[in-house]
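Reading through the C-alpha cells given below for one structure.
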Amino acid sequence: MARSKEFEESVVLDKALRLFWEQGYEKTSMTDLVEHMGIHRRSLYDTFGDKHTLFLKVMDRFREKRSAELTNGVKRSKTATEALQFIFEFMIRLNVDEGLPSGCLIVNSAVELAARDVDVDTKTTQSFTSTEQKLKEIILWGQRDGEFTSNYDAEELAEYLHNVLVGIRAMGRTSVDKEKLHRLANISINFLEK
C-alpha cells in the first residue's frame, strides 16, 4: 500500500524557493534541499523530480507569487503614475522589509544560468516579457489619461522601464544605498510624465 504524503507540497516548495534564492542553483546541493525542505530524498524525487526540474518549478512558483502581488497592487492604484510607483517601491522594498534573500530569483537565475540552460533562459524570458506587458498596459493607461508623454511608443517605454527594474533588482544584491534605488525609480517615472 502506498504511503500518503506527510507534507504540503506548496510549503516545501517555498522552502526550496528560499534556499535557491539565497544560494543560487549551482551552490545548492540535493543534500541541502533535503535538509532545508524537511523531507526524505526519495519523497523529493518522487514529488518534484530531479534538482533541475525542482528549480524550474521553484521559478514558476516565484513568478506566480510575485505576479499576483504586483497585479493586486496595480489594481488598487488610482492613477498610472501611482501604479508605476507601486511597482518600483515593491521591487525596492521586497528584500528590505520582508527579510528575504537579496535581489530577485528570476534576475539572479538569468545571470547565473540563462546563457547555458535553455529551460532557465525560456522561463526568465517569459517572466521578463510578462513584466514588460504589465508595464506597457500601465503606460498606455497613463498616455490615455494624459499623465505620460505620447512622444514614445508604450512598448519601447515598457522595455526601458523593465531594464531599469532589472538593474534595481540586481543592485539590490549589493550594499548600495536604497535611497539611490529610489532616485533611479523617481527619475524613470518622471521621464514618462508630460
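The figures here come from the full heavy-atom set of this structure, side chains too, leaving out hydrogens, waters and symmetry mates. None of the values given here were measured: they were computed from a predicted structure.
- Residues E147 and T79 meet the side-chain proximity criterion, which asks for heavy atoms closer than 4.5 Å.
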R66 and L105: side chain to side chain contact (heavy atoms under 4.5 Å, CB included), yes or no, with the steps? CA-CA 10 Å; R66 294 302 171 231; L105 179 74; over 6 Å; no
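- Using a 4.5 Å heavy-atom cutoff, the side chains of D14 and K65 are in contact.
- Residues R18 and E22 are paired through a salt bridge, judged by an N-O separation under 4.0 Å between the basic side chain and the carboxylate.
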With side chain to side chain contact (heavy atoms under 4.5 Å, CB included) as the criterion, how do T47 and V12 come out once you've worked through the C-alpha distance, each side chain's angles and the decisive distance to 0.1 Å? CA-CA 11 Å; T47 305; V12 295; over 6 Å; no
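- Side chain of K123 to backbone of K57: no donor-acceptor contact under 3.5 angstrom is found.
- Minimum interatomic distance between T71 and K134 (heavy atoms only, all atoms of both residues): OG1-CE, 3.2 Å.
- Note that CE of M171 and OG1 of T174 are 6.0 Å apart. Values are rounded to the nearest 0.5 Å.
- Proximity of L33 to F20: side-chain heavy atoms (C-beta onward) are separated by under 4.5 Å at one or more points.
- Summarising the local packing, CZ of F128 is surrounded by more than 12 heavy atoms from other residues, nucleotides or ligands at distances under 6.0 Å.
- Proximity of L157 to Q143: side-chain heavy atoms (C-beta onward) are separated by under 4.5 Å at one or more points.
- With values rounded to the nearest 0.5 angstrom, L135 atom CG is found 6.0 Å from L165 atom CG.
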Verdict with supporting geometry, R173 and E112, salt bridge (Lys or Arg N to Asp or Glu O under 4.0 Å): CA-CA 13 Å; R173 289 187 59 86; E112 180 185 8; over 6 Å; no
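- Residues L19 and K15 fail the side-chain proximity criterion, which asks for heavy atoms closer than 4.5 Å.
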Go through F55 and L113 one step at a time and tell me if the side chain to side chain contact (heavy atoms under 4.5 Å, CB included) criterion holds. CA-CA 11 Å; F55 185 70; L113 298 169; 3.7 Å; yes
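- Between the side chains of T122 and D119, no donor N or O sits under 3.5 Å from an acceptor N or O.
- Between I92 and A185 the shortest heavy-atom distance is CD1-CB, 4.2 Å.
- Between the N190 side chain and the N186 main chain, a donor and an acceptor come within less than 3.5 Å of each other.
- Closest approach of N108 to G103, counting heavy atoms only: OD1-CA, 4.1 Å.
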Carefully, step by step, assess Q85 and S77 under the rule side chain to side chain contact (heavy atoms under 4.5 Å, CB included). CA-CA 9 Å; Q85 288 168 337; S77 301; over 6 Å; no
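- Atoms CG and CD1, on L161 and I138 in that order, are 9.0 Å from each other to the nearest 0.5 Å.
- Put simply, the side chain of R169 reaches to within 4.5 Å of the side chain of V166, judged on heavy atoms.
- Inter-residue side-chain proximity for M91 and L70 is flagged as met; some heavy-atom pair is nearer than 4.5 Å.
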Show, in sequence, the C-alpha distance, side-chain angles and deciding distance for D46 and S43, and conclude whether the side-chain hydrogen bond (donor to acceptor under 3.5 Å, both in side chains) test is met. CA-CA 5 Å; D46 289 346; S43 295; 5.8 Å; no
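- Clustering ILVMFWY residues whenever any of their side-chain heavy atoms sit less than 4.5 angstrom apart, transitively, puts V11 in a cluster other than the one holding M59.
- Taking the six-membered ring for Trp and the full ring otherwise, the centers of Y152 and Y160 sit at least 6.0 Å from each other.
- In this structure, F191 is a member of the same hydrophobic cluster as I189, with clusters built from ILVMFWY side-chain heavy atoms closer than 4.5 Å.
- Across all their heavy atoms, D117 and V120 have their closest contact at OD1-N, 3.0 Å.
- Going from atom CD1 of I168 over to atom CD1 of I87 covers 11.5 Å, rounded to the nearest 0.5 Å.
- Contact check for E159 versus E155: side-chain heavy atoms found under the 4.5 Å cut-off.
- For T125, the side chain to side chain donor-acceptor pair (under 3.5 Å) test picks out no residue, with sequence neighbours left out.
- Remark: I139 CD1 to T149 OG1 distance equals 11.0 Å, nearest 0.5 Å.
- The line from CD of Q23 to OG of S29 is 7.5 Å long, rounded to the nearest 0.5 Å.
- Across every non-hydrogen atom of E82 and R76, the tightest pair is OE2-O, 3.9 Å.
- A continuous path of ILVMFWY side-chain contacts below 4.5 Å connects Y25 to V34, so both sit in one hydrophobic cluster.
- Heavy-atom minimum distance, R63 versus S130: NH2-CB, 3.7 Å.
- Between the side chain of T124 and the backbone N or O of D121 there is at least one donor-acceptor pair closer than 3.5 Å.
- S188 contributes a side-chain N or O that, together with a main-chain N or O of L184, makes up a donor-acceptor pair within less than 3.5 Å.
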